[in-house]
Amino acid sequence: MKLLLASNSPRRRELLSLLDIDFSIVSPRDIEEKYPDNLPPDDVAPYLSALKANAYKDLAVGDDIVVTADTVVICGGRILGKPRDRQQAVDMLKSLSGCVHKVVTGVTLMSSDRTVTFSETTLVSFDNLSDDLISYYVDRYRPFDKAGAYGIQEWIGCVGINRIEGCYYNVMGLPLHALYSRLAAFRQSRSGD
């Protein structure tokens, strides 16, 4: 069985390597990440993950398994995507300040004869963040490629996050325990064990 990670994210590549599973990176494809307006926020990440997997369907041949993922931050029922610019990053962090929000990652495993999509949710609690702290983080770390405008593994996670409930790695972009379990089940079902 060959694992193919269809992701541009260096964090997902780094995380998947922690599982000591051989995998290859497949060339990125241009995928329009749109979802229906009436889709509940908790369902957006798995929907987008499955959408991405369909774009790589031609690579799921033989025993190969394509892995795709998408992560969203949900605060007050609203999805916070990747910030377009500095001001939007600042505004996102202000909205997360002093609040608990959800991080949902959807993951899709696709083979030639089977597709499984699942999601993992982690609750993240931020302290009250001062304007100076937010400005320092945004100016120094430039979190424009991160949903919700932050990376838990960066400085802001160390000084601003006071509690999480659920999988830490999920907040980074890939729920490793759930993924490992699903891959083991996927493999067993394919081998007939």
Side-chain angles (χ1 to χ4, degrees), residues 1-35 44-57 59-60 64-74 79-86 88-90 92-93 96 101-110 117-122 124 126 134 136-161 164 166-183:
M1 185 181 334
K2 185 175 173 187
L3 207 59
L4 306 171
L5 178 63
S7 176
N8 287 324
S9 168
R11 283 172 300 284
R12 285 199 180 105
R13 294 172 188 177
E14 177 186 343
L15 289 171
L16 188 55
S17 70
L18 293 175
L19 293 180
D20 284 344
I21 297 172
D22 289 333
F23 67 94
S24 300
I25 305 296
V26 297
S27 299
R29 294 182 178 175
D30 194 22
I31 301 160
E32 190 173 10
E33 296 183 26
K34 284 196 166 191
Y35 54 88
V44 169
Y47 177 90
L48 291 174
S49 172
L51 182 74
K52 291 176 182 179
N54 283 330
Y56 293 92
K57 199 170 196 158
L59 299 180
D64 294 354
I65 298 174
V66 174
V67 179
T68 57
D70 194 84
T71 301
V72 297
V73 171
I74 304 168
I79 293 177
L80 303 180
K82 296 175 183 174
R84 289 185 307 272
D85 53 31
R86 182 188 187 281
Q88 192 175 44
V90 167
M92 284 183 185
L93 288 168
L96 296 174
H101 64 277
K102 292 182 194 177
V103 177
V104 180
T105 300
V107 179
T108 299
L109 308 176
M110 177 185 282
T117 298
F118 63 94
S119 65
E120 185 83 11
T121 300
T122 303
V124 180
F126 265 108
I134 290 172
Y136 174 81
Y137 175 68
V138 171
D139 292 339
R140 175 143 183 171
Y141 289 87
R142 307 187 53 76
F144 307 124
D145 64 336
K146 295 172 178 62
Y150 78 92
I152 192 170
Q153 72 280 11
E154 294 178 338
W155 178 82
I156 194 84
C158 299
V159 303
I161 294 174
I164 70 166
C167 178
Y168 171 82
Y169 298 109
N170 185 54
V171 184
M172 287 181 68
L174 204 57
L176 294 181
H177 180 266
L179 175 59
Y180 190 81
S181 299
R182 297 292 179 124
L183 281 169

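The basis for the numbers below is simple: all heavy atoms, side chains too, and nothing from hydrogens, waters or symmetry mates.
Rounding to the nearest 0.5 angstrom, the gap separating the OG1 atom in T117 from the CE atom in M110 is 7.5 Å. Here the CZ atom belonging to R86 is positioned 9.5 Å from the CZ atom belonging to R142, to the nearest 0.5 angstrom. Interatomic distance, L4 CG to D64 CG, rounded to the nearest 0.5 Å: 5.0 Å. Taking NZ of K146 as the start and CZ of R11 as the end, the distance is 4.0 Å to the nearest 0.5 Å. One finds the CD1 atom of I21 at 11.0 Å from the CG atom of L5 (value rounded to the nearest 0.5 Å). Interatomic distance, I156 CD1 to L93 CG, rounded to the nearest 0.5 Å: 5.5 Å.
Under the 30°/60° scheme for interplanar angles, the aromatic rings of F126 and Y150 are found to stand perpendicular. Ring pair W155/Y136 is perpendicular by interplanar angle, where above 60° counts as perpendicular and below 30° as parallel.
A 4.5 Å side-chain heavy-atom check between I79 and Y35 finds at least one atom pair inside the cut-off. Proximity of V171 to I161: side-chain heavy atoms (C-beta onward) are nowhere separated by under 4.5 Å. Inter-residue side-chain proximity for L16 and L179 is flagged as met; some heavy-atom pair is nearer than 4.5 Å. The shortest side-chain heavy-atom distance between V103 and I152 does not fall under the 4.5 Å cut-off. Within the 4.5 Å cutoff, the side chain of L183 has heavy atoms near those of the L3 side chain. When side chains are defined from C-beta on, Q153 counts as touching Y168, because their heavy atoms get closer than 4.5 Å.
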Subject >> Step-by-step side chain to side chain contact (heavy atoms under 4.5 Å, CB included) determination, D70 to L51 >> reply: CA-CA 10 Å; D70 194 84; L51 182 74; over 6 Å; no
Subject >> Worked verdict on E120 versus Y169 for side-chain hydrogen bond (donor to acceptor under 3.5 Å, both in side chains) >> reply: CA-CA 10 Å; E120 185 83 11; Y169 298 109; over 6 Å; no
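Counting heavy atoms of neighbouring residues, nucleotides and ligands inside a 6.0 Å radius, atom OH of Y180 does not exceed 12 of them. Environment of NZ in K52: crowded, with over 12 heavy atoms of neighbouring residues, nucleotides or ligands closer than 6.0 Å. More than 12 heavy atoms of other residues, nucleotides or ligands sit less than 6.0 Å from atom CG of D85. In this structure, R13 places its CZ atom where more than 12 heavy-atom neighbours from other residues, nucleotides or ligands lie under 6.0 Å away.
In this structure a side-chain-to-backbone donor-acceptor pair under 3.5 Å is present from S181 to H177. Checking side-chain atoms of T122 against main-chain N and O of G166 turns up no donor-acceptor pair under 3.5 Å. When atom types are taken as modelled, the side chain of Y56 and the backbone of R29 share a donor-acceptor pair closer than 3.5 angstrom. Within the 3.5 Å criterion, the main-chain N or O of A6 finds no donor-acceptor partner in the side chain of T68. No donor-acceptor distance shorter than 3.5 angstrom exists from the side chain of R12 to the backbone of L174, with no hydrogens or angles considered.
Partner S119 forms a side-chain contact (heavy atoms from CB on, under 4.5 Å) with one of T71, V107, V104, N170 and no other, that one being V104.
Minimum heavy-atom separation, A149 to P143: O-CG, 3.2 Å. Scanning all heavy atoms of the two residues, the minimum distance from T108 to P46 falls at OG1-O, 4.4 Å. Across every non-hydrogen atom of P175 and C167, the tightest pair is CA-SG, 4.0 Å. Shortest non-hydrogen contact noted between A69 and G173 is CB-O, 4.3 Å.
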